Number of protein chains: 2
Amino acid sequence: MELTERKKRILKSIVDEYIRSGDPVGSKYISGHIPDTLSSATIRNEMSALEDMGYLYQPHSSAGRIPTTKGIRTYIEGLMEDYKLSLEELSVLNELLDFKVGEFGKLLSEAARAVSHLTNYTAISVLKPPAERIERIKAVHIDDSSYLLIIRCSGGKVKTKTVNVPHCTEEQLKTLSAALNGALTGLTASEINLNVILDTEAAAGDATHLVTSALRGINDLLGTGTEEDVQVQGLTKLLSYPEFYDVSKAKGVLEILEQKHALVNRLTEGMPGRPNIVMSGEGLTPEDASVVFYPITVEGQTVGAIGVIGPKRMDYKKVIANLEYFASGLIDGLNGTGEGRKQDEQH
Amino acid sequence: MELTERKKRILKSIVDEYIRSGDPVGSKYISGHIPDTLSSATIRNEMSALEDMGYLYQPHSSAGRIPTTKGIRTYIEGLMEDYKLSLEELSVLNELLDFKVGEFGKLLSEAARAVSHLTNYTAISVLKPPAERIERIKAVHIDDSSYLLIIRCSGGKVKTKTVNVPHCTEEQLKTLSAALNGALTGLTASEINLNVILDTEAAAGDATHLVTSALRGINDLLGTGTEEDVQVQGLTKLLSYPEFYDVSKAKGVLEILEQKHALVNRLTEGMPGRPNIVMSGEGLTPEDASVVFYPITVEGQTVGAIGVIGPKRMDYKKVIANLEYFASGLIDGLNGTGEGRKQDEQH
DNA sequence: TGTTAGCACTCGGTTGAGGTGTCTGCTAAC
DNA sequence: GTTAGCAGACACCTCAACCGAGTGCTAACA
């Protein structure tokens, strides 16, 4: 069956009302709230058809209808109206960007706080500093029980660390350096897996006993610096929505927010420049919840994300408009001409 | 009336059982669970007396009794048994300290994660980097529209920043330097309030127009570095306890956890070296909840705290034992001889 | 004087019946 | 293709009855 224009108008009206109230929507209500003048009986026929087509469902036989995930997605992708940001919403971002003295992480979590405040949903900000790649490694002999590990990372940064071992010779360290360079060049810390370790050990010859401590040192060095971080703003707002009055439902959402590492990965893997929407039943999102997010990119690389988590029936147009505005504002601010900002030196 | 030994045994038994079940405790149950052999009628008399003395209360006239805040406090301060840490609990800390490669913040939040895991309550870790005090300020002329701001902080660290202004002369900068030194020496960033600003402006004479931008620059410089931070671990565990099945109660607790700044201050103001316990009805703790925490000190200065938030009827002996162990372990680890750990250099 | 047994009373919680309102599906007429 | 009307389904609310845990009180006992 085809999704006629009239069916679309009815579907839009149902989703609008469902987003507003959270309750199943009946035919009579719709009859009075669409441009067409149709009796509730006709609406019932259309709703029945929409149900057959998978856009709606009934929680029980004598209730109104609720849009399915498919129904809401169709709504988002073409039926809903545009949302005009209010003056308040526009000014908050400008103030924020004016105030961009702090580092990016703080700016991002402040932006999330603003989004949470403006949309009345819980906001998430996620920080994922780009992983440093190994460009060159050298192990320099200090004495027979210690050597200096030197790594040049992508971007030219050099890091060093002394490593203590039971015994090492200059010869062994040369072999070690060669083995490490061969196996690790171009990798990030998280890409050093068992295979890589075994390869390195195989290549290390008579320096095999030094590999483990060297890898540990490398891992330490690469792991240093800003860590990935998740900030949740306005958590209590989530509990204001009836779908989470049931504690077990609320728990489901909080569990998602607790898995910070998974959250960072998921949100930074999204498509940049457009809204990413994950609804319950798709991916890891818990029942009745929905996540909308925008990755933040600098020079093509995703360094974080900003998003909103709320009930599946959230006001998508408002949320998307706000997130889009903040995300693009942040991205412009970060990529824009660095107009002679702060220079720190520490002696 | 006096709190006799027998009353203490009864009170202890009531609190023990209340902590276990969360339900009001009846006289019959106690009769079978204290060393003394007493009928439930006698227990009832004693319980009635304990109620008059303010240790117990009845939620309604035909229910058992629940300990009051006073009752629980008395229990904590002398009645409860010691808790022996299990082997598992002991080994987790040791692993953690072995693994102390990361910075303090990460170590602290990992400790909180462990505490949450071991106690089955929600754990909080709070990081409060000691505020840097201003020791000396100098404003050095670069050209007529910019100057260099130099601050020496407590600990000898020097920070600089160029400040752009519409117009400035060497003379004005000298006046400015004197005014800033006079007004700000010994202060931290957060102590620069309106009074201080007005004093500075008054002292600045013909350099008044430079004060605002200078203060902004100073604020930026001092604010740089690690920020205060709150990490919450095992949040969902909170929702496992019946007292928070009601969403409005849960909301009360989450609200506390959202006020991160207040939380940092409150938890770092506690007495070091012993358990600080704030129960509902005392201070900001929400209904039915209780917070136990230990500040973490380095060289006499509080740099953070680790704590647990849970139902008022939480297992205090277990929580205190765990927190005490982790807090003292962290403090020892931080203050202990820094046995030649990592050295990073960045060129 | 302290302890105990017995009894009436209180009160929250549960269960089940009855009533109500909303919404649907179906049918017949337009 | 659209509409009016009607019977049926079903969640939800209210109310009364009942149950049971637990108390306070009193009288008897050691």
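Labels below follow one simple rule: chain letters A, B, ... track the order of the sequence lines, proteins then strands, and each chain is numbered from 1. Computed from a predicted structure; not experimentally measured.
For B/S62, the side-chain atoms get nearest to D/dA21 when compared with the rest of C/dT4, D/dT3, D/dA21. Nearest nucleotide to the side chain of A/S61, out of D/dT23, D/dC10, C/dT4: D/dC10.
Applying the 3.5 Å distance criterion, the base of D/dT2 shares no donor-acceptor pair with the side chain of A/T42. Not a single donor-acceptor contact under 3.5 angstrom links the side-chain atoms of B/R44 to the base of C/dG2.
Inter-residue side-chain proximity for B/I66 and B/P59 is flagged as met; some heavy-atom pair is nearer than 4.5 Å. At least one side-chain heavy atom of B/E81 sits under 4.5 Å from a side-chain heavy atom of B/K12. For the pair A/L38/A/R6, a side-chain contact is recorded, criterion being any heavy-atom separation below 4.5 Å from C-beta on.
Atom P of nucleotide D/dG22 and atom CD of B/E17 are separated by 10 Å, given to the nearest angstrom. The nearest whole Å value for the distance from the CD atom in B/Q58 to the C1' atom in D/dG22 is 8 Å. The distance between atom CD1 of A/I34 and atom C1' of D/dT2, rounded to the nearest whole Å, is 13 Å. One can place CG of B/L38 at 10 Å from C1' of C/dT4, the figure rounded to the nearest angstrom. To the nearest angstrom, C1' of C/dG2 lies 13 Å from CD1 of B/I10. To the nearest angstrom, C1' of D/dA21 lies 12 Å from CE of B/M47. What separates CD1 of B/I43 from C1' of C/dT3 is a distance of 11 Å, to the nearest Å. What separates CG of A/D23 from C1' of C/dT24 is a distance of 17 Å, to the nearest Å.
Phosphate proximity of C/dG2 to B/R6: absent, as no side-chain N or O sits under 4.0 Å from OP1 or OP2. Between A/S27 and C/dT24 there is a side-chain polar atom (N or O) within less than 4.0 angstrom of OP1 or OP2.
Here A/Y241 and A/Y121 bring their ring centres to under 6.0 angstrom of each other.
In this structure, D/dA17 forms a base pair with C/dT14, meeting either the Watson-Crick or the G-U wobble geometry with both donor-acceptor distances under 3.5 Å.
Closest-nucleotide positions on DNA chain C for A/S48 and B/H60 were compared, and the one nearer the 5' end corresponds to B/H60. Along DNA chain C, the nucleotide nearest B/S39 and the nucleotide nearest A/Y29 are compared for position; the residue whose nucleotide lies closer to the 5' end is B/S39.
In this structure, A/A41 reaches the bases: a heavy-atom distance under 4.0 Å links it to at least one base atom across the strands shown. If you check every strand for non-hydrogen atoms under 4.0 Å, A/T37 touches sugar and phosphate atoms only.
In this structure, CZ in A/F293 is found 9.5 Å from CD1 in A/I277, a value given to the nearest 0.5 Å.
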